[in-house]
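For reference, the structure is listed below as structure tokens.
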2 protein chains.
Amino acid sequence: MYTIGQAAKLTGIPAETLRAWERRYGLTPPERTNAGYRLYDDAALATFREVGRLVEAGWKPREAVLALKDHDVEWLPDAREFVEGIASGSLDLEQATATLGVRFAVQPFSRVVDEWLLPMLGFLGEEWAKGRISVEQEHELAAALMRRLGLVFESAAVQRGGPVILMGLTEGNRHELGLMAFACIVRSAGLDVRYLGPDLPAEEWGRAAKRARPAAVVTTAPSQADLPQVLAVLDAVRAIVPDVVMCVGGQRQYEVGEPVIALGHRFGEAAHSLAQRLGVAV
Amino acid sequence: MYTIGQAAKLTGIPAETLRAWERRYGLTPPERTNAGYRLYDDAALATFREVGRLVEAGWKPREAVLALKDHDVEWLPDAREFVEGIASGSLDLEQATATLGVRFAVQPFSRVVDEWLLPMLGFLGEEWAKGRISVEQEHELAAALMRRLGLVFESAAVQRGGPVILMGLTEGNRHELGLMAFACIVRSAGLDVRYLGPDLPAEEWGRAAKRARPAAVVTTAPSQADLPQVLAVLDAVRAIVPDVVMCVGGQRQYEVGEPVIALGHRFGEAAHSLAQRLGVAV
DNA sequence: CAAGGTTGGGACAAACCTTGTACAAAGTCA
DNA sequence: TGACTTTGTACAAGGTTTGTCCCAACCTTG
């Protein structure tokens with residue numbers, strides 16, 4: 001437990017400000033000693049830091065506090081707890097995804113993806129394999145997350161005129177979430193991403209390439225069955241744009257081999273290196 | 001929620017300009033705080049970006065907003081032109097969805113769906129049948145429209161505690177757009193819609209019903225092949241909730257028959273009558 | 001006990017937002 | 001061409017929000 005001065009030192013927010021936040025917006029009324037001294041716990045400090053980050057990002061403190069109160073930080077548990085909540089049915093999906101929106105505002109998007117979304121998808125796959133998550137649960141979650149990511153995608157500013165990047169899934173592949181997250185990151189960096197959607201046959205990739213003349217093409221290979229599809233897409237696109245850069249993500253990305261580039265499992269860095277390869281400053 | 005300064009920073013449009021647009025064209029009168037401060041949500045920000053995009057592309061702001069709002073605008077030719085533009089490749093998808101977004105902001109959402117989106121989907125199907133629209137074009141458009149509708153879905157206020165409505169597509173059916181538009185309308189009316197996504201087998205509908213205890217279930221039957229699936233879903237859900245209300249949309253909705261309710265092709269009215277049937281005031 | 005931290009509340013300047021009016025640059029039209 | 005409209009931006013006067021400061025009284029620690 002910390003007194004207000006210690007809390008101020010640890011969070012970097014002046015004690016007067018912490019008191020003002022409590023007085024004005026009712027932010028985390030702390031426990032008190034017998035004499036009336038405030039005593040904060042670690043959760044309170046975490047909340048202060050979250051509010052601080054939002055304020056630093058330009059939010060009005062009132063709005064920041066309200067947002068964090070509505071979607072209590074405690075409510076977005078770590079990835080494993082989240083999946084556990086889905087499996088047991090104890091998680092309110094509506095509230096959890098709304099909280100994710102606040103998360104996106106508090107932390108850099110790519111960090112949330114690398115440290116939360118991708119691990120979460122991994123756990124989800126495990127639990128699904130064990131039969132602890134039903135198809136309909138997985139569907140509903142995927143749809144909700146796609147909407148959240150779509151919000152980020154739409155709010156990213158694009159600079160037209162630069163190199164075009166085509167993203168989509170190969171025939172038979174419908175696992176959109178990872179790719180969409182990557183698309184959001186790349187688009188947030190200002191690149192012109194064209195998102196084609198799931199389950200697209202190789203010849204359609206050729207048509208898309210003819211229309212868009214992409215500098216790069218990104219897809220994923222979550223299972224072994226996707227590998228030949230990825231190569232087919234490579235052929236189809238290369239027939240139109242011979243020197244196109246092709247990148248691939250997903251569990252089996254390293255099994256595709258030259259000249260396809262594996263993106264790795266850290267999307268922030270992957271997006272960065274993709275931008276560099278295309279000669280675009282980020 | 002964002003203040004006007006925040007909105008200006010996030011959209012890149014000066015606050016004075018946002019106020020001028022509101023004053024001159026009535027663009028998205030926002031909520032206000034007690035003190036009169038404007039508060040914008042994500043959908044409003046999307047609209048601003050869309051108008052900005054149109055202005056950047058050479059539209060006049062007045063036309064970008066008012067022309068899309070005026071009553072004497074012919075909707076159907078416009079939807080046809082839209083599809084024509086997609087087919088010929090002369091239409092910029094970003095710009096096209098931008099006009100749709102502005103319409104959502106200045107017209108009742110259900111009217112835009114009834115008079116523009118649904119006819120447009122009809123034309124799109126026709127051209128697709130004629131081979132004038134490729135699969136990848138249709139995919140990319142569908143993904144973009146789903147993102148835009150998802151934005152509406154997410155920014156619609158929900159009142160938990162009321163009757164739950166389950167929406168999704170039956171096994172093999174992946175035509176999400178119509179259903180998603182309907183989901184947006186119903187959710188905007190304050191009802192608790194759970195959107196399950198496409199391609200869900202009947203037994204999974206049963207599982208979802210066990211979790212959510214829905215008062216109503218909505219799906220679509222765009223082709224004849226979907227009819228048996230719809231009946232299978234009805235059986236599966238009724239095994240859990242015997243007196244559930246089941247509604248169906250899509251081209252073949254009238255061929256399902258009792259006790260399934262056909263929604264008709266005017267979603268505004270359909271949503272209204274669904275709400276009435278559930279005893280909810282809208 | 002002394003020194004330093006904490007309590008509440010009031011006060012205040014800076015930053016932000018409000019409405020209304022004004023104006024220059026650019027476009028439109030007869 | 002000249003008159004008129006449109007549009008982005010600017011400014012003034014006034015209200016709101018917010019970080020910070022002050023202060024007398026109280027608490028904790030050495």
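Each chain gets a letter, A, B and so on, in the order its sequence line appears, and its residues count up from 1.
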Report the distance from atom [atom1] of [X] to atom [atom2] of [N], rounded to the nearest whole Å.
| X | N | atom1 | atom2 | answer |
| --- | --- | --- | --- | --- |
| A/Arg32 | D/dT28 | CZ | P | 13 Å |
| A/Glu16 | D/dC23 | CD | P | 14 Å |
| A/Tyr40 | C/dG5 | OH | C1' | 14 Å |
| B/Asn34 | C/dC17 | CG | P | 17 Å |
| B/Ile4 | C/dC16 | CD1 | C1' | 11 Å |
| A/Leu27 | D/dT17 | CG | P | 18 Å |
| B/Gln6 | C/dA15 | CD | C1' | 14 Å |
| B/Leu54 | D/dT7 | CG | C1' | 16 Å |

Would you please confirm or rule out a distance under 4.0 Å between OP1 or OP2 of [N] and any side-chain N or O of [X]?
| X | N | answer |
| --- | --- | --- |
| B/Lys60 | C/dT28 | yes |
| A/Thr17 | D/dT20 | yes |
| B/Trp21 | D/dG8 | yes |
| A/Arg19 | C/dT7 | yes |

Between [options], spot the one nearest the side chain of [X], thanks.
| X | options | answer |
| --- | --- | --- |
| A/Tyr25 | D/dC21, D/dT18, C/dT7 | D/dT18 |
| B/Arg23 | D/dT9, D/dG8, C/dT7 | D/dT9 |
| A/Ala20 | C/dT6, D/dT20, D/dT18 | D/dT20 |
| A/Tyr37 | D/dG8, D/dT17, D/dT28 | D/dT28 |

Can you list the steps and then say if B/Asp92 with A/Arg160 is a salt bridge (Lys or Arg N to Asp or Glu O under 4.0 Å)? CA-CA 11 Å; B/Asp92 180 345; A/Arg160 309 305 290 266; 3.7 Å; yes
Which is true for B/Arg62 with a 4.0 Å heavy-atom rule: it touches a base, it touches only sugar-phosphate, or it touches nothing? sugar-phosphate
Scan A/Thr3 against the nucleic acid and name what it touches under 4.0 Å (heavy atoms): base, sugar-phosphate only, or nothing. sugar-phosphate
Mutual orientation of the aromatic rings belonging to A/Trp21 and A/Phe48 [parallel < 30°, tilted 30-60°, perpendicular > 60°]: tilted
Ring-plane angle category for A/Trp116 and A/Phe82, please: parallel below 30°, perpendicular beyond 60°, tilted otherwise. perpendicular
Could you let me know what D/dG30 is paired to, Watson-Crick or G-U wobble, both distances under 3.5 Å, or none if it's on its own? C/dC1
Looking only at non-hydrogen atoms, find the nearest pair between A/Arg194 and A/Ala212 and report the distance. NH1-CB, 4.0 Å
Taking for A/Arg24 and for A/Thr33 the nucleotide of DNA chain D with the nearest heavy atom, the one nearer the 5' end belongs to A/Arg24
Residues B/Glu140, A/Arg211; criterion salt bridge (Lys or Arg N to Asp or Glu O under 4.0 Å); working and verdict: CA-CA 12 Å; B/Glu140 188 182 4; A/Arg211 273 202 303 134; 2.9 Å; yes
